[in-house]
**Student:** 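Can you read through this structure? Questions will come right after.
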Amino acid sequence: MKGAAQLPIFRSTSCIRRFKSLISFFPRNSRSASVSFQCSETVETIESGQFNGVIDDKDLLRKSPNGNLLVLDLIDRCALQPDAKLYFDLFKKCTDQRKLKEGRITHAHFVASSFRNYVVLQNIAVNMYAKCCDMESARKLFDEMTERDMVSYTMLITGYSQNSEFDKALRLYVEMVEMGLKPNEFTFGSALKSAGGMQSDSMGRGIHGVCIKFGFEDNVYVGSALVDMYARCSKIDEAKVLFDQLKVRNEVSWNALIAAYAREGEGPCSLKLFVEMKRGGFRPTHFTYSSIFAACASNGAMEQGKWAHTDMIKIGVELVAFVGNTLLDMYGKGGSIEGAKKVFDRLVKKDIVSWNSMLTAYAQHGHSQEAIDLFEEMRDLGLEPNEISYLCVINACSHTGLVEKGLYYFDVMNENKLVLQITHYVAIIDLLGRAGELERAERFILRMPIEPTAAVWKALLGACRVHKNMLLGGYAAERVFELDPYESGPHMLLSNIYASHGRRDEAARVRKIMAQSGVKKEPACSWVEIGSSVHLFVANDDTHPQREKIRVMWEKLREEIKKMGYEADTSHVLWYADQREREERLQLHSEKLALAFALLNTPEGGSVSIKKNIRVCGDCHNAFKFVSKLVGREIILRDTNRFHHFRNGSCSCRDYW
DNA sequence: CTAGGGTTAG
């Protein structure tokens, strides 16, 4: 490197050091002086444009004014011979930084070089395209290779699996095995991921067999991938057996199983494994906590969720978006909008999902204005709201009857070249329908540019029920039956509408059709979390150990709220001709039982939290308002649609839901 | 040169 010091462009010793990567591209036996002379001239020319005189590793992808890569430009203009390491470094850098354009430039240069037939470099190029999500180029390059080794196949298989093209990945895997190439742990990892992605357990089992045959069954990577594969193929018990038999486990193996239980709604299993994982000396990661929070959110297990949150802080896992978003969602779904906001504000870095999750939380809690403000803040910050953001803000408007505002956002979205999906139309029907603008909603459906689905008519039907419109409701219900005959919801809604008009004969007829067609109604239930256990109630429940106390409690409450003006609204009970019996049935709705239970088993004065798997009935909603005033406690009720915060005789939804 | 696990909406 003696000649390097003579280079005019090397202005300081630190520059010399940083230029080493470039210098190393010079042919070993070239005379430094002449090379450097030519080179400096070129560089100075470039320098007058943009170049500040430094190329080091982090500047490797620096562009020259003509749009090419500076390093390659220098080499061309100086007629230098680059070595293989340059292409290696460039491809790798493009891969790491997902720079497709720069990768293409490098590839073009590489093809013209004397290394163009080096399999290793070709493999790296395939990988570069795959990581940059350009599978077509990766494939093309792969097909053009005169010689392909096991790594070439693995790179492409991995590329397909990471780009969710599982069928192509598997086909290539089969081809590779049939050709007699021996897969390694990398190949098996990606092939298994693909089998899991396609939920093809037959394929997965086949790969599993080949893993054993080639002796990879004890590899941690392969083992974790196997656990994940079986879990995704709905063979979670087999996944567990396999996990238990693993010779070597790491965090990923644990995470795969914890996540699987969380997906299946087996929250308690996730938590149990989480505890075992820690006891076994494994450090939980973002992935682990993310799964745990998701499990707690869907189970309504807030106490455990909070405990896990504390634990995460103790362990020192940073609140990055991926885990933070799930945590935010958990607080939102668990009824704590304050908790959700706190997480949102503390996120180290927010991504689009963070914003959308916060919007969702506001919408679910009926905080429309906050949702709108947040959405506007997002736009002010120059963040591009996506389809889901719009859906969230429209839903938020819908929850408090901000009809025009919601329609405004629908139009804005249309103008912003975002694709209006069917869910957006449903949201608008919901918006109009809840506000009682049924005809407008119907007209909106008829003018839709895409074919209305069952969900669209269902939204209208729901609105017809709330606003007791039998004629339009009947029409909407017919459309739903046509499009989605196996769902119980519309039948129930329709019979409810008939019943609320006193047409019990019609209501009974719908019930009969339902029974004949084998449509099953999911039983309504409510649940309450006390400490770490969840207590579930269904209507007319007489199985709970405290059933007598609960019944007595509710009778007491009922007497008191009657004095305050509560009157049973029996239009929600359908099948009992006798008025008195109808009233009694109503008193045994699952949410009322859950409320009585919750009041009995939680500290005086504190708030109680109840969750329900369908929307709250009108009578219960009314009764809850009275009870909140009577006992002087806040009652938080989550139904499938939103949160109701009952406080001092009124509800946060302002009776709009 | 290559690998496995996680989030929002409906």
**Student:** Side chain of A:Asp149, heavy atoms from C-beta onward: which of B:dG6, B:dG4, B:dC1 has the nearest atom to it?
**Tutor:** B:dC1
**Student:** In whole Å, I'd like the distance from the CE atom of A:Met229 to the C1' atom of B:dA3.
**Tutor:** 15 Å
**Student:** Nearest to the side chain of A:Cys392, which nucleotide is it out of B:dG4, B:dA9, B:dG6?
**Tutor:** B:dA9
**Student:** I need the CG-P distance between A:Leu328 and B:dT7, as an integer number of Å.
**Tutor:** 15 Å
**Student:** Any salt bridge linking A:Glu144 with A:Lys140? Criterion: basic side-chain nitrogen under 4.0 Å from a carboxylate oxygen.
**Tutor:** yes
**Student:** Is A:Arg232 close enough to B:dG6 that one of its side-chain N or O atoms is under 4.0 Å from OP1 or OP2 there?
**Tutor:** yes
**Student:** Return yes if the base of B:dG6 and the side-chain atoms of A:Ser290 contain a donor-acceptor N/O pair under 3.5 Å, otherwise no.
**Tutor:** no
**Student:** How many whole angstroms separate atom CD1 of A:Ile388 from atom P of B:dA9?
**Tutor:** 8 Å
**Student:** Just do the side chain to side chain contact (heavy atoms under 4.5 Å, CB included) check on A:Phe344 and A:Trp355 with the steps written out, would you?
**Tutor:** CA-CA 8 Å; A:Phe344 181 75; A:Trp355 290 85; 3.8 Å; yes
**Student:** What is the distance, to the nearest angstrom, from the CE atom on A:Met312 to the C1' atom on B:dT7?
**Tutor:** 13 Å
**Student:** Distance check: side-chain N/O of A:Lys131 vs OP1/OP2 of B:dA3, anything under 4.0 Å?
**Tutor:** yes
**Student:** What nucleotide among B:dT2, B:dG4, B:dT8 has an atom nearest to a side-chain atom of A:Asp329?
**Tutor:** B:dT8
**Student:** Heavy atoms only, 4.0 Å cut-off, all strands: where does A:Asn123 land among base, sugar-phosphate and nothing?
**Tutor:** base
**Student:** Look at all strands and tell whether A:Lys350 reaches a base, only sugar-phosphate, or nothing, counting heavy atoms closer than 4.0 Å.
**Tutor:** nothing
**Student:** Starting at CD of A:Glu217 and ending at P of B:dA3, how long is that distance when rounded to a whole Å?
**Tutor:** 23 Å
**Student:** Return the nearest nucleotide to the side chain of A:Thr158; candidates are B:dA9, B:dA3, B:dT7.
**Tutor:** B:dA3
**Student:** Once hydrogens and angles are ignored, does a donor-acceptor distance under 3.5 Å link the base of B:dG4 to the side chain of A:Asn250?
**Tutor:** yes
**Student:** A:Trp457 has an atom CH2; how far is it from atom P of B:dG10, in whole Å?
**Tutor:** 21 Å
**Student:** Going by heavy atoms in the side chains, are A:Ser224 and A:Asn250 under 4.5 Å from each other?
**Tutor:** yes
**Student:** Is the phosphate of B:dG4 approached by A:Asn219 (side-chain N or O, under 4.0 Å from OP1 or OP2)?
**Tutor:** no
**Student:** Return yes if the base of B:dG5 and the side-chain atoms of A:Thr285 contain a donor-acceptor N/O pair under 3.5 Å, otherwise no.
**Tutor:** yes
**Student:** Report which part of the nucleic acid A:Val220 touches: base, sugar-phosphate, or nothing (heavy-atom distance under 4.0 Å, all strands).
**Tutor:** base
**Student:** How many Å lie between CG on A:Asp96 and C1' on B:dT2, as a whole number?
**Tutor:** 13 Å
**Student:** Kindly write out the residues that satisfy salt bridge (Lys or Arg N to Asp or Glu O under 4.0 Å) with A:Lys240, not counting sequence neighbours, or none if the list is empty.
**Tutor:** A:Asp244
**Student:** Measuring from the side chain of A:Val151 (C-beta onward, heavy atoms only), which nucleotide among B:dT8, B:dG6, B:dT2 has the closest atom?
**Tutor:** B:dT2
**Student:** For residues A:Tyr153 and A:Phe142, establish whether the separation of their ring centroids is below 6.0 Å.
**Tutor:** yes
**Student:** Could you please name the option among B:dG10, B:dG4, B:dT2 that lies closest to any side-chain atom of A:Asn184?
**Tutor:** B:dT2
**Student:** With sugar-phosphate meaning primed atoms plus P, OP1 and OP2, does A:Arg263 contact a base, only sugar-phosphate, or nothing at under 4.0 Å between heavy atoms?
**Tutor:** sugar-phosphate
**Student:** In this structure, how many angstroms lie between the P atom of B:dT7 and the CG atom of A:Asn255, rounded?
**Tutor:** 12 Å
**Student:** Got a salt bridge between A:Lys235 and A:Glu238, using NZ or NE/NH1/NH2 to carboxylate O under 4.0 Å?
**Tutor:** no
**Student:** Check every atom of B:dC1, B:dA3, B:dG10 against the side chain of A:Tyr221 and return the nucleotide holding the closest atom.
**Tutor:** B:dA3
**Student:** Among the candidates B:dT2, B:dT8, B:dG6, find the nucleotide nearest to the side-chain atoms of A:Ala259.
**Tutor:** B:dG6
**Student:** At 4.0 Å (heavy atoms only), tell me whether A:Thr326 reaches a base, stays on the sugar-phosphate, or touches nothing.
**Tutor:** sugar-phosphate
**Student:** Which nucleotide in the list B:dA9, B:dG6, B:dC1 gets nearest to the side chain of A:Phe287?
**Tutor:** B:dG6
**Student:** Please identify each residue that fulfils ring pair (Phe, Tyr, Trp, His ring centres under 6.0 Å) with A:His309, with sequence neighbours left out.
**Tutor:** A:Tyr331
**Student:** Whether A:Lys193 contacts B:dT2 is assessed here as follows: a side-chain N or O lying under 4.0 Å from the phosphate OP1 or OP2. Is that the case?
**Tutor:** no
**Student:** Any base atoms under 4.0 Å from A:Gln122, or only sugar-phosphate, or nothing? Heavy atoms, all strands.
**Tutor:** nothing
**Student:** The side chain of A:Gln162 lies closest to which of these nucleotides: B:dA9, B:dC1, B:dG4?
**Tutor:** B:dG4
**Student:** If we require ring centres under 5.5 Å and near-parallel planes under 30°, does A:Phe322 stack on B:dG6?
**Tutor:** yes
